[in-house]
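Heads up: the structure comes next, in structure tokens.
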Amino acid sequence: ESGAQVKVRGRDEIARLGTAFNAMSASRERLEETRKAMVSDIAHELRTPLSNIRGWLEATQDGISRLDDELVDSLLEEAVHLQHIVDDLQDLALADAGALRLHPEPVDVPHLLAQVVAAQSPAGVSLSVEAPDALEVTADPVRLRQAVGNLVANAVRYTPAGGVVVVRGGRDGDDVVIEVADTGAGIEAADLPHVFDRFWRADKARTRGSGGSGLGLAIVRKLAEAHGGTVTAASAPGQGSTFTLRLPAGTAAR
Ligand code: ADP
């Protein structure tokens, strides 16, 4: 099913219109491809936890399995994972529609970084904050916590025991910069441009069990952009990665 294309001859206005039209239908087709791939990814992500939950409940109903505490815990974990995926998808959909409502206010950055770090349980990984005493940014505190939280959760997730994760807050000119650096597995140069894509993972099999959905970084990027900022990744494979969130200090967030 190929989109309409007009034959373009010459350089006059009509020809330019034709060229623009062709570009538009090509990009519409690409969008449609992306949308189809996305729906298939979503179905794939939801299928595994759902079929686990259903399978165990059916086995219990049939008397093959018993709903002991351990099983209830693991089913609850699957349900929570499903909830995260659905919440993440909703955030992305809102951001796509330009309907992500931010509630900007002055945010005490060192305090927020401390909150994010306190919410983590890094098994065997040293996790610390380095920030000046006074650092403020105008941002939506809930969304900023979510963005930094995703970066720190990843750093902890992809850093083996004995490793180090440092969260740094600082200023660069008028920007407030939040850096999350880890000594983990790192990311191959060829993979770096993809890490912010939806559902992209370096290693699908490995990360599936570790609770990620492949949506975390896509959300971080949307949240950064909604604040008028950026997020970038740098990595030395085998040595670690650094993610940098940059926000204009007096961000006139939407
Ligand atoms: P996931 O839920 O899989 O963590 P993300 O969107 O947060 O999804 O990250 C996408 C992928 O980027 C991860 O699956 C992983 O391969 C890679 N990645 C993200 N953060 C790091 C990191 N700190 N170190 C190494 N790889 C990372």
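Order of appearance sets the numbers: ligands from 1, and atoms from 1 within every ligand.
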Leu102 and Pro104 have their tightest heavy-atom pair at O-CD, 3.3 Å
Between His227 and Asp140, the two heavy atoms sitting closest are NE2-N, 3.0 Å
Interfacing atoms of ligand 1 (cut-off 4.0 Å, heavy-atom, [X]):
X: Val195; value: 10 (C), 12 (O)
X: Gly216; value: 5 (P), 6 (O), 7 (O)
X: Gly186; value: 25 (C)
X: Ser241; value: 24 (N), 25 (C)
X: Trp200; value: 10 (C), 11 (C), 12 (O)
X: Ala155; value: 23 (N)

| message | Can you tell me if Arg157 contacts ligand 1 (heavy atom of the residue under 4.0 Å from the ligand)? | response | yes
- Message: Within the structure, is a non-hydrogen atom of Leu215 found at a distance of less than 4.0 Å from ligand 1?
- Response: yes
Is [X] salt-bridged to [Y], cutoff N-O under 4.0 Å?
X: Glu33; Y: Arg30; result: no
X: Glu105; Y: Arg143; result: no
X: Asp172; Y: Arg246; result: yes

Linking I/L/V/M/F/W/Y whenever their side-chain heavy atoms sit closer than 4.5 Å, directly or via other members, would Ile219 and Leu82 fall into one cluster?
yes
The complete set of salt bridge (Lys or Arg N to Asp or Glu O under 4.0 Å) pairs with one or both residues in residues 68-82, sequence neighbours excluded, reads none
- Query: So, the side chain of Asp182 versus the backbone of Val165: is there a donor-acceptor pair under 3.5 Å, distance only?
  - Reply: no
Any nitrogen or oxygen of [X] lying under 3.5 Å from a nitrogen or oxygen in ligand 1? Just yes or no.
X: Ala218; result: no
X: Ile187; result: no
X: Phe243; result: no

Out of [options], indicate the one that has the non-hydrogen atom closest to [atom].
atom: atom 19 (C) of ligand 1; options: Leu151, Leu217, Val156, Ile219; answer: Leu217
atom: atom 13 (C) of ligand 1; options: Phe196, Phe199, Tyr158; answer: Tyr158
atom: atom 1 (P) of ligand 1; options: Gly240, Gly214, Ala233, Pro237; answer: Gly214

So for Asp191 against ligand 1, with non-hydrogen atoms under 4.0 Å, the contacting part is neither
| query | Around atom CD1 of Ile14, are there more than 12 heavy atoms of other residues, nucleotides or ligands at under 6.0 Å? | reply | no
Under a side-chain separation threshold of 4.5 Å, the hydrophobic residues clustered together with Val6 are Phe21
